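Structure, as structure tokens:
What you see below is based on every heavy atom in this structure, not just the backbone, and it leaves out hydrogens, waters and symmetry mates. Being a predicted model, the structure only gives us computed values, none of them experimental. Labels below follow one simple rule: chain letters A, B, ... track the order of the sequence lines, proteins then strands, and each chain is numbered from 1.
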Number of protein chains: 4
Amino acid sequence: MKTLNIKEELARTSVELFARQGYAKTSVQQIVDAAGVTKGALYHYFNSKDDLLFDIYDRILTLQHRNLTEIIGRNLPAVETMRLACEDVIMTSIDCIREGAVFFRSQHMLSEDRQEEVKRRRREYNDAFTAVLVRGQSDGVFRTDIPIQVLAANFFSDPHYLSYWYSPGGTISREQAAAQLTALYLAGLQAS
Amino acid sequence: MKTLNIKEELARTSVELFARQGYAKTSVQQIVDAAGVTKGALYHYFNSKDDLLFDIYDRILTLQHRNLTEIIGRNLPAVETMRLACEDVIMTSIDCIREGAVFFRSQHMLSEDRQEEVKRRRREYNDAFTAVLVRGQSDGVFRTDIPIQVLAANFFSDPHYLSYWYSPGGTISREQAAAQLTALYLAGLQAS
Amino acid sequence: MKTLNIKEELARTSVELFARQGYAKTSVQQIVDAAGVTKGALYHYFNSKDDLLFDIYDRILTLQHRNLTEIIGRNLPAVETMRLACEDVIMTSIDCIREGAVFFRSQHMLSEDRQEEVKRRRREYNDAFTAVLVRGQSDGVFRTDIPIQVLAANFFSDPHYLSYWYSPGGTISREQAAAQLTALYLAGLQAS
Amino acid sequence: MKTLNIKEELARTSVELFARQGYAKTSVQQIVDAAGVTKGALYHYFNSKDDLLFDIYDRILTLQHRNLTEIIGRNLPAVETMRLACEDVIMTSIDCIREGAVFFRSQHMLSEDRQEEVKRRRREYNDAFTAVLVRGQSDGVFRTDIPIQVLAANFFSDPHYLSYWYSPGGTISREQAAAQLTALYLAGLQAS
DNA sequence: CATGAATGAGTATTCATTCAT
DNA sequence: GATGAATGAATACTCATTCAT
């Protein structure tokens, strides 16, 4: 009980600090001070500062991969699959907006091995997403005059950019942001 | 002559290294070694490592602000202004793709003062861009059912994301990328 | 029964690790892992890591002191006493070769107090050994042209050095090594 | 000039401290405090604490290898070669007695790579020394009834043990110690 | 202009030991 | 008796920056 709290508290605190001031400018000392524990406790639960960072990547990658897999598994029409997938990514990105701020800025601070792992898992996600685009093209509902990687990049850029402009608790709810960004994307995507 | 070369070489080398391995993981020693000069030389031309980083921000902000101002100054219809502005941002972002990789990842490594300056200048750029969107809405050519900040974010995310997926020298030319991403954006943007 | 086994197992394991990788490079965690117990168990039987080390010194010093006292107590001629004493030291050093490896390398890792105790007990041993040399000189069987401390050092160096070159289970048995090194020593020692 | 002094001072100071209190118990901070410089200065001249230690090994191994090679190169009779070699080792070991105290106690504190290098170079030295023993046996001047490795170990133990008992500036000069230990060794070595 | 030796404040990490359970 | 989570003090090492030459 206490144990879980400490580990979770350290995870929460480190995301917060990494998002606010960057991984490099956040010292282990700051993290443990903010979490109200000692360095020894941190190193009891995490092997290194790098582990703290990787946990963030792992959490997001696992979550988004699981959701996309589930959505694709429903075997809906391509347009509907795409709508659900896009809205889900936007909403989970908003739910994890601090993690997202770290995710896109700090990849090069991971160890080489873990950078590779993150690349691999993002590629997997990208491949699954792209497969839906291809299906929609075959079905004649998505445009074919623009390279598929451009179509994919045009969407991925949105969740990526969220942490730079979206404020949770502002005038735009997560559902609205998801619906609006998805609508804009699908408008561009549809076959003429 | 020699002087200019050394300063330029240091700028070029530092962008390269910052883009590849991140600002924090790049030491001043690595930069001077790669540039073939000594620390003394670097500190002759730059006051600090932070200056090397800020130069990158300054270069991009200056370039894009100047281009946007020029395009808006032509007083073309909103759709045409937007098309030119978007294509220009994409193309200059591709031309400065290494700078871009640094730009979006390393802002929190700048000194507080300079973070503020960068924020201010980006806001200025954003405001000018948004003004074009507003004009298009008044003219009845841009949709009004989605908050303007979402419409803006939907575009800014694209140049932002370029350094994560676009390879100069690949199968897609800078002009093609610019035309395609702009087309996708404008398709979403148009009034129904 | 179980208790004795755990304590003995910890002693055995720690000698092994100290000999192989040095006292300083061996962590308490490594010891308990290798012994298959937990830290709590170790600290139940030993007050500190230092105790684990001192036990090794105590064991060897006690053993060699007891053996030398017994041999001298037989009141044999000096040459015979010396031969038995030397052979015994060599053989017990081979029997405790891992302890020996630690003994000569890790004395300064002991607490100050215990370093003093080890020095004192080694001096006692040295004095008893030297007394035999003096008796042999008085009897006219040992040479007198070389300072007695050089004569003593010339022997003590041998058991000291054993752990650096001797392999138990190799082609030279413990009895052979003892006989040969003793023969070489006595050859140098005899009065001309 | 100043530069050499600082590097030499650091080398001198570190040998002194390593000999007195052991490598593991000597902190880099202690070394720089004793040498009157800062950590930065130390790390300007040495890449790591390990380098400071290895320098000691390198110095001794280089010195003794060079001397032995020179002595063997004179092509003197085996007995004479052996006498000169033994006396030289004893004397240089006395000259570098603090280095010697470190040499035999701290090998396992070196990095794995360097432990291997030290082992290799000591083996080379041992092989050259053993070759002289073999030559003496062929010439009929050295005994053949004891394995050659025991004959070698019987000598190597002496310089090894020096730092445990010999006091420079005491009643026994370096030349005397060298002559006496060599005499004792040769007495044991000669063919009967 | 340019050097590179030297600084010193900062960093992540280790580890013997304790103690509530 | 035994656990292992937590401590806290110590450690080696890094690096942007300065300055005498």
Take a 6.0 Å sphere around NE2 of D/His108 and say whether it holds more than 12 heavy atoms from other residues, nucleotides or ligands. yes
Set out, in order, the CA-CA distance, both residues' side-chain angles and the distance that settles side-chain contact (heavy atoms from CB on, under 4.5 Å) for D/Thr13 and D/Gln30, then state yes or no. CA-CA 9 Å; D/Thr13 306; D/Gln30 275 184 298; over 6 Å; no
For DNA chain F, what is the dot-bracket line, given that a base pair needs Watson-Crick (N1 to N3, plus N6-O4 or O6-N4) or G-U wobble (N1-O2 and O6-N3) geometry with both distances under 3.5 Å, and | means paired with another strand? .||||||||||||||||||||
Answer yes or no: is there an ion pair linking C/Glu116 with C/Lys119, defined by an N-O contact shorter than 4.0 Å? yes
Take the protein atom [atom1] of [X] and the nucleotide atom [atom2] of [N], then report the distance between them rounded to whole Å.
X: A/Leu52; N: E/dT11; atom1: CG; atom2: P; answer: 16 Å
X: D/Phe46; N: F/dA12; atom1: CZ; atom2: C1'; answer: 16 Å
X: D/Lys25; N: E/dC15; atom1: NZ; atom2: C1'; answer: 15 Å
X: B/Leu42; N: F/dC15; atom1: CG; atom2: P; answer: 15 Å
X: B/Leu17; N: F/dA16; atom1: CG; atom2: P; answer: 12 Å
X: C/Gln21; N: E/dC15; atom1: CD; atom2: P; answer: 11 Å
X: D/Gln30; N: F/dA10; atom1: CD; atom2: P; answer: 12 Å
X: D/Ile6; N: E/dG4; atom1: CD1; atom2: C1'; answer: 13 Å

Heavy-atom closest contact (D/Ser106 atom, D/Leu53 atom, distance): O-CD2, 3.8 Å
Heavy-atom pair of closest approach, residues C/Ser111 and C/Asp50: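 Closest pair (atom of C/Ser111, atom of C/Asp50, distance): N-OD1, 3.1 Å.
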Please check if the side chain of D/Glu99 supplies one atom and the backbone of D/Ile56 the other of a donor-acceptor pair under 3.5 Å.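 No; zero donor-acceptor contacts below 3.5 Å.
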Heavy-atom side-chain contact between C/Gln29 and C/Val32 under 4.5 Å: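 SC-SC contact between C/Gln29 and C/Val32 confirmed.
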Using 30° and 60° as the class boundaries, would you call the ring planes of D/Tyr164 and C/Phe104 parallel, tilted or perpendicular? perpendicular
May I ask you to list the residues of residues 103-117 of chain A, by number, that have any heavy atom positioned under 4.0 Å from an atom of DNA chain E?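 Nucleic-acid contacts, sorted: none.
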I need a per-nucleotide contact map over nucleotides 16-21 of chain E, read 5' to 3'. Cutoff is protein heavy atoms under 4.0 Å; write B for the base, S for backbone only, - otherwise. SBB---
Mind checking what makes side-chain contact (heavy atoms from CB on, under 4.5 Å) contact with A/Thr38, not counting sequence neighbours?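 Listed in chain order: A/Ala41.
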Those residues that, when tested against B/Ser14, pass side-chain contact (heavy atoms from CB on, under 4.5 Å) (two or more places apart):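 Expected list: B/Phe18, B/Ile31, B/Leu52.
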What pairs of residues pass the salt bridge (charged side-chain N to carboxylate O under 4.0 Å, His left out) test when at least one of them lies in residues 11-20 of chain B, not counting sequence neighbours? B/Glu9-B/Arg12, B/Glu16-B/Arg20, B/Glu16-B/Arg98
Both C/Ala41 and A/Ala41 contact DNA chain F. Which one's nearest nucleotide lies toward the 5' end? C/Ala41
Assign each of D/Thr38 and B/His44 to its nearest nucleotide of DNA chain E by heavy atoms, then name whichever residue's nucleotide is nearer the 5' end.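 Going by which nucleotide is closer to the 5' end, it is B/His44.
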